[in-house]
Each structure stands twice: as structure tokens, then as C-alpha cells.
Amino acid sequence: MHGFANPTRFLRIARWLTPWLLASGLLVTAGALIWTLTVLPAERLQGETVRILPVHVPTAWLGMGGWTTIAIASFVELVWRHPLATIAGRAAAVPGAVFTALCLLTGSIWGRPAWGTWWIWDGRLTSMLVLLFLYIGYIVLAQATAREGASSRVPAIFGLIGAINIPIIHYSVIWWYSIHQPPSLSVGQSAMAPAFLWPLLISTLGFSLIFGGVVLARMRALLADVQAEARLRRKALGA
Amino acid sequence: MSPLLAILKRDLALLLPGGRRGGTLLPLLFFLAVTVLYPFAVGPDAPLLARTGGGVIWVAALLAAILPLDRLVAPDLEQGFFDQWALRGIAEEAVIALRVLAHWLSFGPPLMIAALPAAALLGIDGPTLRTVELGLLVGTPGLAAIGVTIAALTVSLRSGAAMAGLLLIPLAVPILIFGAGSLSTGGEGGLALTAAISLLLVAMAPFAGGAAIRAAREG
């Protein structure tokens, strides 16, 4: 693990990997979405609105995956004081927040024809909304600590506390079963017809690749920031 | 006297109503002001106020929990008390745990008393008031724990006070949902869940807060 800990080696790998992740992610996502919009038949009960699910489900998973990334990075930061973990947590926050917002937005658009309402105070909707607020809090906190030069372990502690919300979101559809359906997919089994399942899985792969690419690109930008800062400081001391 | 007992005594002398740090009554007055504002906003419709009053008390309690945040940890860190305690070999976790206890004593029971006039103003009936009071009894320790944790997290930031509310609200949402939810289900299940989430937050606060204090010292 400490092999990847070296920022120089990380940057060498990231510089090569970032464009590949972004390009393949865009390609795979575009393919899955075009398939969804053209080839996929309208569903018997949901009609045409089923076509939004290959966007809604991956964004929901990545919204939760983003905070899981923050939580793991926070743990590594607090236990091993690893500088790359700090940057990974900060880099995952903004794409995670965007995906969470997209999930709420697409869910709302789907819910208007399917449930007859834009919004309802169901357990899963509410816990996703709380996740968005947690993201906003984390981003504001991380920016303030970076700006004021406070310890980067402050947002890491908040990232770990906020992780309580992730299992709550996952089990919300079982604990407070009101309107959002329980999970259709779990490891090894599916309650969906294969025709609808495949575009969903492929678009999930595509969105995940995009997520990975954005996180790596942001990590490189944040590292460049740190290096530029250090160089300026050295110059100021040398002059 | 053991050092921990001395710290608790000092915390109580600072934080309890009439304490040296002052401002304990502020959250209570704010709490009452919010509950008084609500009838102004929705109109003096007695059945509506009675039906929604319990939830209003919960929202007011959550908002009131934001007010004391900047005086919970910051003054002691600035004056070097935390460094002195650390030099004495007293763990930050223990100091934070005592601070949660002292903050709850200065915040929870007074809030439960202030909820009585608020309930009368909103026209809440007896059984609902009982559920609200029991909910506040088990929920305010969790609010106090989040409060101290957030205060410790934001202590090293100049913009910390402005941020504290933004950080506290999402963490306090489960307490609000279960606490206010116990009103509609009328009882034990909701209160048990409020107590559960509250206990979880109280158990976490010393470790999160202790780590935050150490981060603030080194940062």
C-alpha cells in the first residue's frame, strides 16, 4: 500500500490514468444512454420514464460511494497521517455532492409521473437530502481548513462522523418502507428484466469511470496547488 | 479531589445558569422566541397549533442547540487550559466527555422546563406534552454531544462560528426525525430510537472531540 503512498509515483500513474478514465467513461456512458434512449422498449407500467433509471441509479450509488471514499480516506488520514488521503477525501467531495444532487434531481423528475409528486418525505429521499447537506458541510469545512492553514484532520473527523448516514440510506427502504422501492439488485441476484438490467449496469460502469477520472484530476490539481504554495514559500524564504 | 472531578466542577461553574461564562439563558430565550414566532406566522388556529406544536418545539430545540457552540470549547483552548490538562496527563477524551455532561446539564433540563410555557402557548395537550418532554430528556444528550463535537471541530477556524450551524444541522437530523416522529406514532418506538441515536452520538463525541482538540493544537 505504501508503494502508492509516494506522491511522485502517484502523480506519474495519475497523469497517465486520468485521460483514459475520463475518455472511456464518457464513451461507455454515452453508449449506455444512447442504447437506453433508442433500443430499450418502454416498460409496461412505467412507460417511457424507465429511461431515466440508467442515470438515476448510478448517480445514487456514486453519491453514496463518494462519501464512502471520503470515510475511507478520512480513516487513512487519521490513522496513518497520509498526505494523499487528505487530498483524496477533498477531491471526492465535490463529484460526490454533484452525483447526489443529480440523483435527487432525476429521482424527482421520475417521481412526478410515477408517484404523482416531485417530492415526498420518504426515508430514502430524506436521507439522501441529508447526505447532500453533509457534503456541503464537508466541502465548506475542508475549504476553510485549507484556507486558514488549520489541521486537515478536522474535515477527516467530520467525514468519519458523517459516514453513519451511509448505512441509514442503504437500509432506509427496508426500515421505513413507504414509497421508494426496496433494492432490486444485490450481489448475484436481480429482480429486473435483463433488457433493463444491462444498460443500467453499463451506465453504472461508465459513470464510475467518470467519477474516478474526476477524482484523479482533482487530486492532481490539489497536489499542484500544494506544490505551488511550497515553491512560493521557499522563494520567499530564499529572497 | 480527583482532577476529573475538579474539571467537572469548573465546567459546571462556567456553564450552568448564572455561570461565569454567561449566556446560558440565551438559548432558552431563543427557544421560547421561536415557539412564540410560530403562531404569529401560521395564525392563531388552536387545533393546528396543538397538532403541530410538538414538532415546532423540536425544531426550536435544535436551533437553540446552535447558539452556545462558540463558548463551549474555544475560550478554554485560547487560554491554554487544554494544554495544561494535557501536560497533567489527562486525556482529551475525558475532558470532552465531562464537557458534554456539563453542557447537557446546562442545556437539557432547562430546555425541558422552558418547553412547559412553550407547550402552554401552543396549546399542546397532556399526553403529547409527556411525549415531548420524554423525547427531550433522551434527545438533548445527543444534541449536547453533537454541539461539543462541532465546537471542538471548528475551534481552530476563524470562520468556525458561522460554519457550526451548517455542520450541526445534518448530524442532528436523525434526532429530530425520531424525536418528532415519536409524536405521530404516540410513543415508545420513536422514543427508543431517539434514545438509541442519542446514545450513539454521546458515545462518539469524546473520541471525535478529543481527536479534534489534538488536531487543533498541532494544526
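Note that the coordinates shown come from a computational prediction; the quantities given were computed from them, not determined experimentally. As a basis for the values below, the full set of heavy atoms in this structure was taken, side chains included, without hydrogen atoms, waters or symmetry mates.
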State the OG1-CG distance between B:T154 and A:L141, to the nearest 0.5 angstrom. 8.0 Å
Under a 4.5 Å cut-off applied to non-hydrogen side-chain atoms, are B:L171 and A:F158 in contact? yes
Name all residues meeting the side-chain hydrogen bond (donor to acceptor under 3.5 Å, both in side chains) criterion together with B:D76; count only those two or more places apart in sequence or in a different chain, and write none if there are none. B:R10, B:R21, B:R99
If you take all heavy atoms of B:R158 and A:E148, which pair is closest and at what distance? N-OE1, 2.6 Å
Which heavy-atom pair separates A:V154 from B:A215 by the least distance, and what is that distance? CG2-CB, 4.3 Å
Nearest heavy-atom pair of B:S159 and A:R147: which atoms, and what distance? OG-NH2, 3.9 Å
How about A:F133: does its CZ atom have over 12 heavy atoms from other parts shown lying under 6.0 Å from it? no
Please look at A:S152 and chain B and tell me whether the side chain, the backbone, both or neither of the residue comes under 4.5 angstrom of a heavy atom of that chain. neither
Does any part of the side chain of B:V173, heavy atoms only, come nearer than 4.5 Å to the side chain of A:L129, both counted from C-beta? no
Quick one: pull up OG in A:S151 and CG in B:L153 and give me the separation to the nearest 0.5 Å. 10.5 Å
Could you grab the distance from atom CD1 of A:I161 to atom CE of B:M204, nearest 0.5 Å is fine? 5.0 Å
If you count heavy-atom pairs within less than 4.5 Å of chain A, which of B:L166, B:T149, B:L157 leads? B:L157
Would you give the length of the straight line joining atom CZ of B:R214 to atom CD1 of A:I157, rounded to the nearest 0.5 angstrom? 8.5 Å
Check each atom of B:I146 against the heavy atoms of chain A and say whether the ones under 4.5 Å are side chain, backbone, both or neither. neither
Among B:S156, B:A208, B:P170, the residue with the most heavy-atom pairs under 4.5 Å to chain A is B:P170
Using non-hydrogen atoms only, which part of A:L131 is less than 4.5 Å away from chain B: side chain, backbone, both, or neither? neither
Hey, could you give me the CG/CG distance between A:L134 and B:L167, rounded to the nearest 0.5 Å? 9.0 Å
